[in-house]
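Remarks on the structure that follows.
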Amino acid sequence: MSMKAPSHSAKSNNNDDTDAFAGKLLEWFDVNGRHDLPWQHPRSPYRVWLSEIMLQQTQVKTAAPYFERFVAALPNLPALAAAPMDTVLGLWSGLGYYARARNLHAAAKLCVEHHGGDLPRDLDALTALPGIGRSTAAAIASQAWGDRHAILDGNVKRVLSRYHGVAGYPGLPAIERQLWALAESHLPHTRMVDYTQAQMDLGATLCTRADPACILCPLQHECIARIEGRVAELPTPKPGKVAPQRHAQVLWLLDADDRVLLQRRPPVGIWASLWTLPQADDEAQAAQWFAAHTAHADFDAGETLPPIAHAFSHYKLELQPRRWRRVALRDAVGDNDDLRWYSRAELAALGIPAPIRKLIEAAL
DNA sequence: AAAACGGGGGA
DNA sequence: TCCCCAGTTTT
């Protein structure tokens, strides 16, 4: 990776062959971009770095006052390196993600130790510092020195996947590689400082995740997602991991008065302490439970009902209900705090999981 | 309630 | 190289 200032191929050192993407973006930026952010006046490598770290997981509006306070207390890199950790954390207090502050502090010390108290003007050396990855390094180098490097943060991923109609979750290595290549293909040969800011501004203000303002977008006529009506589908969201499918048997017992037998769940775990129909892992265990709790009733006489599908955040549960009417319990089981007959009128006041309530109330 | 976020760290 | 995490905000 080269550290030198923008290198230009012989044919491309002029504005005429600026990529259409970059050209339109820069024109838009001149009028609509953010030109008065605190780290832009004055712009120094230290201030650019600090702003990029703050902006990693924080919006401009939130970060700005913290930035001002931070640079007022620690105006340059050696001051940061010399400050106690507590001071740094105090200045960061309220911003969250405190690992950023620890990395920032550690990186400042490394810069004093290895780079003469300055940030290194080299992508690999920047990336080697804690808290700086490929995109942050490129954002720093382009904004601090105007060096020609592509960034690929969440904003740019969103813009490029829409503009080029790139489907597939951007976190996947193959998709991310493709997006990096596209980002590099659009790099202009001039105005890198503005170009980098322009991409972030477009993503943050127009090409937003929800409800993008396409009619205001300078790229709307070339944007594949816009042309093909796929703006809402791109970028492809993270594929939810396929939730494991579990099964359970549900025993629905009604007595001679049409009261329903409910069981209180254990105080921890799924549906903690709620009242549900007695449940078993499989049919054999359901039969076993049935034999142990009921008097003179025939398990096989139960009426098999359509299964209920229920989705939890981390697994899917299919409940197989089976119903018996006019059931009596064994004397030894009886009513107690965790296993009771409830009349229909009493159900309303109980904590009952939604799918179970739906099942038993739909029947009447 | 769940997805998004950028870097770090472990597999 | 890839995958997943921590920690927080946004949708």
Side-chain angles (χ1 to χ4, degrees), chain A residues 48-67 88-89 92-111 119-120 123-143 149-162 166-181 183 196 199-213 231-244 270-272 310-317 353-355:
Chain A
V48 166
W49 169 44
L50 176 62
S51 74
E52 286 301 325
I53 300 302
M54 286 186 170
L55 293 172
Q56 274 173 355
Q57 278 105 341
T58 307
Q59 297 193 138
V60 164
K61 177 171 64 80
T62 307
Y66 285 89
F67 176 88
V88 179
L89 285 172
W92 207 268
S93 178
L95 264 184
Y97 304 100
Y98 296 93
R100 294 183 296 176
R102 294 194 183 84
N103 286 333
L104 191 77
H105 193 222
K109 289 182 167 177
L110 287 168
C111 287
L119 278 172
L123 222 53
D124 291 333
L126 284 170
T127 308
L129 295 169
I132 301 180
R134 179 173 173 185
S135 187
T136 300
I140 294 168
S142 62
Q143 304 221 84
H149 301 293
I151 62 168
L152 190 65
D153 67 0
N155 287 319
V156 180
K157 283 177 177 171
R158 194 167 52 248
V159 170
L160 290 178
S161 61
R162 285 176 175 161
V166 175
Y169 173 58
L172 293 173
I175 305 300
E176 191 167 294
R177 267 197 298 279
Q178 198 181 341
L179 293 172
W180 272 114
T196 296
Q199 291 174 90
M200 300 191 290
D201 286 1
L202 187 81
T205 65
L206 291 190
C207 195
T208 50
R209 174 146 56 111
D211 276 331
V231 170
E233 298 146 37
L234 295 175
T236 304
K238 182 185 179 68
K241 28 183 128 182
V242 223
I270 203 67
W271 294 339
H310 188 67
F312 293 100
S313 55
H314 49 305
Y315 65 92
K316 292 187 286 187
L317 182 61

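A, B, ... follow the sequence lines: proteins, then strands. Residue 1 opens every chain. This is a predicted model, so every value here is computed, not measured.
Distances were taken from every side-chain heavy atom of A:P173 (C-beta onward) to each of B:dG6, C:dC3, C:dG7; the shortest belongs to C:dC3. Counting only heavy atoms from C-beta on, A:Y97 has its side chain closest to C:dG7 among C:dC2, B:dC5, C:dG7. Nearest to the side-chain atoms of A:K238 among the listed nucleotides B:dG6, C:dT10, B:dA4 stands B:dA4. Among the nucleotides B:dG7, C:dC2, B:dG8, the one closest to the side chain of A:R177 is C:dC2.
The residue A:Q57 sits close to a base: some heavy atom pair falls under 4.0 Å.
Atom CD of A:E176 and atom P of B:dG6 are 10 Å apart (whole Å). Rounded to a whole Å, the CD atom of A:E52 is 9 Å from the P atom of B:dG7. Whole-Å rounding puts the A:Y98 OH to B:dG6 P distance at 20 Å. Between the CG atom of A:L126 and the C1' atom of B:dG7 there is a distance of 15 Å, rounded to whole Å. In this entry the distance linking CD1 of A:I53 with C1' of B:dG7 reads 9 Å, nearest Å. At whole-Å resolution of the value, CG in A:N155 and P in B:dA4 are 14 Å apart. B:dG6 atom P lies 17 Å from atom CG of A:L104, rounded to whole Å. Summarising the geometry, the separation between NZ on A:K61 and P on C:dT9 is reported as 11 Å, rounded to the nearest angstrom.
Nearer the 5' end of DNA chain C, as judged by each residue's closest nucleotide, is the contact made by A:A174, out of A:A210 and A:A174. Looking at which nucleotide of DNA chain B each of A:R158 and A:G131 is closest to, the 5′-most match is held by A:R158. Mapped onto DNA chain C by nearest heavy atom, A:L95 and A:R209 fall at different nucleotides, with A:L95 at the one closer to the 5' end.
Put simply, the residue from A:L179, A:L206, A:L202 that forms a side chain to side chain contact (heavy atoms under 4.5 Å, CB included) with A:V159 is A:L202.
In this structure, the separation between CD1 on A:I175 and CH2 on A:W180 is 15.5 Å, given to the nearest 0.5 Å. Here CD1 of A:I132 is found 6.0 Å from CH2 of A:W49. Values are rounded to the nearest 0.5 Å. Summarising the geometry, atom CE belonging to A:M200 is positioned 7.0 Å from atom CG belonging to A:L55; distances are rounded to the nearest 0.5 Å.
Taking side-chain N and O atoms only, A:Q59 has a distance below 4.0 Å to OP1 or OP2 of C:dT10. Of the side-chain N and O atoms in A:T136, one or more sit less than 4.0 angstrom from OP1 or OP2 of B:dG7.
For the pair A:L172 and A:P239, the minimum side-chain heavy-atom distance is 4.5 Å or more.
The partner of C:dT9, taking Watson-Crick or G-U wobble pairs whose two distances both stay under 3.5 Å, is B:dA3.
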